> 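This is the structure, below, for whatever I ask next.
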Amino acid sequence: MGVSKQSLHLRALEPSDLDFLYTLENDQDLWAVSNTLVLFSRYTLEQYIAHAKEDIYSAKQQRFVLTNADQHPLGCIDLYDFDPQHHRAGVGLVIQKNYRGKGYAKVALALIEDVAFGPLQLHQLYAGVGEDNTTSIQLFQSMGYEQTGLRKDWNFHNKVYHNELIFQKIAHV
């Protein structure tokens with residue numbers, strides 16, 4: 001029995017998410033995909049959470065926490081570069097290490113699509129994925145995202161340039 005949209009939920013960041021966010025944002029294994037270069041302090045993250053109440057139309061981004069039925073945080077999914085004029089946004093997600101490979105990312109993507117293509121009335125979502133990130137490539141492809149581009153030498157980490165693939169999903173009208 002796998003996870004379903006009924007067993008997981010998206011919610012806004014809460015002050016009680018500080019420890020969860022601190023662990024997630026300071027996981028150096030994720031820095032290559034999050035473009036992070038330095039550790040985040042608790043104070044910085046407290047301020048981030050405090051200002052996360054700004055709506056997506058003002059901030060042009062919004063972070064959601066993926067939780068199970070017990071409200072335990074499993075990961076985050078973000079809408080970024082929100083463009084209400086052109087009805088599009090980027091999507092990025094991360095699942096905590098101990099919850100990966102269990103289908104949570106797929107459900108998180110389905111839930112954010114419900115928000116993006118429903119109330120936000122977006123026409124498309126897009127994502128940049130490292131060419132060597134086969135897990136994320138498979139995830140986006142399995143959810144109907146089409147690879148539409150390649151950015152050569154786009155990201156630099158571990159003293160090497162890496163290509164980034166662009167995936168898009170157009171809303172069904």
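Position 1 is the first residue of the sequence; numbering continues from there. Just so it is clear, the structure is predicted and the values come from calculations on it, not from any experiment. Atoms considered below: every heavy atom in the structure, side chains included; atoms not considered: hydrogens, waters and symmetry mates.
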> Apply side chain to side chain contact (heavy atoms under 4.5 Å, CB included) to A108 and list each qualifying residue two or more places apart in sequence or on a separate chain.
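With neighbours one apart ignored, the set is L66, I77.
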
> Given the rule in the side-chain contact (heavy atoms from CB on, under 4.5 Å) test, do T67 and F20 qualify, once you have shown the distances and angles that lead to the verdict?
CA-CA 12 Å; T67 65; F20 159 70; over 6 Å; no

> Let me confirm one number: the CD-CD1 distance from E46 to I49, rounded to the nearest 0.5 Å.
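Between atom CD of E46 and atom CD1 of I49 there are 7.5 Å.
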
> Looking at every heavy atom in both L165 and Q147, which two are closest together, and how far apart are they?
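Taking L165 first and Q147 second, the nearest heavy atoms are CD2-NE2, 3.4 Å.
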
> Where the side chain of R151 meets the backbone of I166, is there a donor-acceptor pair that is under 3.5 Å apart?
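The answer is no, because no donor-acceptor pair under 3.5 Å joins these two groups.
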
> So which atom in Y104 and which in Y99 form the shortest heavy-atom distance, rounded to 0.1 Å?
CD1-O, 3.1 Å

> Test your reading of the model: is there a side-chain donor-acceptor pair from H51 to the backbone of Q47, 3.5 Å cut-off?
yes

> State, to 0.1 Å, how close S41 and Y22 come at their nearest heavy-atom pair, and which atoms those are.
C-CE1, 4.2 Å

> Filter on side-chain hydrogen bond (donor to acceptor under 3.5 Å, both in side chains), then keep only pairs touching residues 83-92, sequence neighbours left out; what's left?
none

> Which other residues belong to the hydrophobic cluster containing W154, where Ile, Leu, Val, Met, Phe, Trp and Tyr are joined when side-chain heavy atoms lie under 4.5 Å apart, directly or via other members?
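Its cluster partners, ordered by chain and number, are none at all.
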
> Please identify which of these residues, N133, L93, T134, meets the side chain to side chain contact (heavy atoms under 4.5 Å, CB included) condition with L139.
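Output: one option passes, namely L93.
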
> Nearest 0.5 Å please: distance from the CG atom of D70 over to the NE2 atom of H9.
9.5 Å

> First locate atom CZ of R100, then atom CG of L74, and finally report the distance between them rounded to the nearest 0.5 Å.
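Separation between the atoms: 12.0 Å.
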
> Would you give the length of the straight line joining atom CG of L109 to atom OH of Y145, rounded to the nearest 0.5 angstrom?
4.0 Å

> Among residues at least two apart in sequence or on other chains, which ones pass side chain to side chain contact (heavy atoms under 4.5 Å, CB included) with D55?
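Counting only residues at least two positions away or on another chain, D55 forms a side chain to side chain contact (heavy atoms under 4.5 Å, CB included) with Y57, S58.
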
> Of all the heavy-atom pairs spanning K169 and F117, show the shortest one and how long it is.
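Between these two residues, the closest heavy atoms are O-CZ, 3.8 Å.
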
> Just checking K106: does its NZ atom have more than 12 heavy atoms from other residues, nucleotides or ligands closer to it than 6.0 angstrom?
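For K106, atom NZ is not crowded (no more than 12 foreign heavy atoms under 6.0 Å).
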
> Please report the shortest heavy-atom distance between P73 and V65, naming the atom on each side.
CB-CG1, 3.7 Å

> So which residues get pulled into I170's cluster when ILVMFWY side chains under 4.5 Å apart are joined, directly or through others?
none

> Could you tell me whether a side-chain N or O of N163 sits under 3.5 Å from a main-chain N or O of D153, the two making a donor and an acceptor?
yes

> Compare all side-chain heavy atoms of R63 with those of Y48 and state whether any distance is below 4.5 angstrom.
yes

> Which hydrophobic side chains are connected to Y126, either touching it within the sub-4.5 Å cutoff or through other members that do?
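Answer for Y126: Y80.
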
> If you take all heavy atoms of A110 and K5, which pair is closest and at what distance?
CB-CD, 3.8 Å

> Is it true that D17 and R11 make a salt bridge, defined as a side-chain N closer than 4.0 Å to a carboxylate O?
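Looking at R11 together with D17, the answer is yes, because their closest N to O distance falls below 4.0 Å.
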
> I'd like to know whether R42 forms a side-chain contact (heavy atoms from CB on, under 4.5 Å) with L18, so could you lay out the CA-CA distance, the side-chain angles of the two residues, the decisive distance to 0.1 Å, and finally the verdict.
CA-CA 7 Å; R42 287 186 183 280; L18 180 60; 4.2 Å; yes

> Between N158 and V160 (side chain of the first, backbone of the second, donor and acceptor by atom type, cut-off under 3.5 Å), is there such a pair?
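Side chain of N158 to backbone of V160, a donor-acceptor pair under 3.5 Å: no, none is there.
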
> Say you draw a straight line from NE2 of H72 to CG of L8; how long is it, rounded to the nearest 0.5 Å?
11.5 Å

> side-chain contact (heavy atoms from CB on, under 4.5 Å), that's the test. Do V107 and L111 meet it? Break it down for me.
CA-CA 6 Å; V107 173; L111 289 169; 3.9 Å; yes

